[in-house]
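Remarks on the structure that follows.
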There are 2 protein chains.
Amino acid sequence: MTVCQRRNTRQRQVVLEELRAENCHPTAAQLYDRVRQRLPRISLGTIYRNLDILEETGQCVRLCGSASAEARFDGRIEPHLHHQCRACGRVRDLETMLPVLDDMIGRNVEDHRVDSFTLIFHGVCAGCRS
Amino acid sequence: MTVCQRRNTRQRQVVLEELRAENCHPTAAQLYDRVRQRLPRISLGTIYRNLDILEETGQCVRLCGSASAEARFDGRIEPHLHHQCRACGRVRDLETMLPVLDDMIGRNVEDHRVDSFTLIFHGVCAGCRS
DNA sequence: ATCGTTGCAAAATATTTGCAGTTGA
DNA sequence: TCAACTGCAAATATTTTGCAACGAT
């Protein structure tokens, strides 16, 4: 969606309020169910469109997925870091080590067991900046 | 897919070989295109099934997505850590701080600019272990 | 009045699955 | 032999989009 003068619609307000009220990282469909309790005529398309706008304007964060960002697979199985370019979408392996992360494996964080991790840095890659 | 005696089929071998040969974290469709050059009659369904098995047996890693793990959104926008339970699928915010990650923001890693990061620890949560 | 936004429905995209035939152990 | 696996096609699931009406500024 192109940049333009955003309007502060009731739908967008409620989507953001319910997203903030939810501490469980809802999917679009889960958020739709919540928002529909307050705005019964809202459509799922509007939820998706507003989530895109909220992300674009830095008011929410997308943890993974979307049809245009399908699952990606990595044949390198030892824990390592990634960088994904916001411009070209490419995901690269990094050789940088962060021992503090490796040390978490096999331990608990806040009582939850850690077996592995996925770390993706987001930003513009060298190629896309030059 | 239930655990059973895996067979070492040619299709599975080639999927894994091509996944390892690819350093760019291919999607299932991209891998399909590569594998099809060696096994022209392979189907996309077989690619998906083998990627599931390879992940299950720890021979590859899924970076994000899949139809059963849709995009999740987070109304908390400052960088923070997550834990996703392998058993119940729930994603939780963590309060633990890793300054080494926050310090990366605004800098480059291996020449790629970092604006933000997504970190998800994987493992079984406290509730699912008890 | 303008143009961003909405609801609805249809389309597009991505992933999974049923089935009958094939194949590895 | 025989259960795991395959190709194919159909079914699901998720996300996006076209359009006419609506509404914020």
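The basis for the numbers below is simple: all heavy atoms, side chains too, and nothing from hydrogens, waters or symmetry mates. Throughout, a chain's letter reflects where its sequence line sits, starting with A, and its residues are numbered from 1.
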(message) Are A:His122 and A:His83 an aromatic pair, judged by ring center distance below 6.0 Å?
(response)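 When the ring centroids of A:His83 and A:His122 are compared, they turn out to be at least 6.0 Å apart.
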To the nearest Å, how far apart are [X] [atom1] and [N] [atom2]?
{"X": "B:Arg36", "N": "D:dT6", "atom1": "CZ", "atom2": "P", "value": "16 Å"}
{"X": "B:Leu16", "N": "D:dC5", "atom1": "CG", "atom2": "C1'", "value": "17 Å"}
{"X": "B:Leu51", "N": "C:dT15", "atom1": "CG", "atom2": "P", "value": "10 Å"}
{"X": "B:Asp52", "N": "D:dT6", "atom1": "CG", "atom2": "C1'", "value": "15 Å"}
{"X": "A:Gln11", "N": "C:dC8", "atom1": "CD", "atom2": "C1'", "value": "14 Å"}
{"X": "B:Asn50", "N": "D:dG7", "atom1": "CG", "atom2": "C1'", "value": "13 Å"}
{"X": "B:Ile42", "N": "C:dT23", "atom1": "CD1", "atom2": "P", "value": "14 Å"}
{"X": "A:Ile47", "N": "C:dT5", "atom1": "CD1", "atom2": "P", "value": "15 Å"}

(message) So, under a plain 3.5 Å distance rule, would you say the side chain of A:Arg12 forms a donor-acceptor pair with the base of C:dG4?
(response)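 Flag unset: no donor-acceptor pair detected.
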(request) Can you check whether any acceptor in the base of D:dC5 is under 3.5 Å from a donor in the side chain of B:Arg49, or vice versa? (result)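 No, no donor-acceptor pair under 3.5 Å.
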(message) Just N and O in the side chain of A:Arg6: are any of them under 4.0 Å from OP1 or OP2 of D:dT25?
(response)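 So the side-chain polar atoms of A:Arg6 never come under 4.0 Å of the phosphate oxygens OP1 or OP2 of D:dT25.
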(message) Is there a side-chain contact between A:Thr9 and the phosphate of C:dG4, meaning an N or O under 4.0 Å from OP1 or OP2?
(response)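 Checking C:dG4 against A:Thr9, no side-chain N or O comes under 4.0 Å of OP1 or OP2.
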(request) Would you kindly confirm whether A:Val35 and A:Leu54 end up in one hydrophobic cluster when ILVMFWY residues are joined by side chain heavy atoms under 4.5 Å apart? (result)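 Linked within one cluster.
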(request) Take B:Arg38 and B:Glu17 through the test salt bridge (charged side-chain N to carboxylate O under 4.0 Å, His left out) and record every step on the way to the result. (result) CA-CA 11 Å; B:Arg38 292 175 58 189; B:Glu17 284 170 20; 2.8 Å; yes
(request) Please work out if B:Arg41 contacts a base, only the sugar-phosphate, or nothing of the nucleic acid, heavy-atom cut-off 4.0 Å. (result)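 Result for B:Arg41 = sugar-phosphate.
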(message) For A:Tyr32, does the six-membered ring have the charged nitrogen or CZ of A:Arg36 within the cation-pi criterion, i.e. under 6.0 angstrom from the centroid and within 45° of the normal?
(response)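 Output yes; distance and angle both within limits.
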(request) Between B:Asn8 and B:Phe73, name the one whose nearest nucleotide on DNA chain D is closer to the 5' end. (result)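 This one resolves to B:Asn8.
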(request) Starting from the 5' end of DNA chain D, give me the residue, A:Arg7 or B:Gly45, whose nearest nucleotide shows up first. (result)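 The residue mapped nearer the 5' terminus is B:Gly45.
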(request) Give me the one residue out of A:Thr118, A:Asp74, A:Asp102, A:Thr96 that meets side-chain hydrogen bond (donor to acceptor under 3.5 Å, both in side chains) with A:His80. (result)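 Of the listed options, the one satisfying the test is A:Asp74.
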(request) With the side chain of A:Ser43 defined as its heavy atoms from C-beta on, choose the nearest nucleotide among C:dG4, C:dT15, C:dG7. (result)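 Nearest to the side-chain atoms of A:Ser43, counting from C-beta on, is C:dG7.
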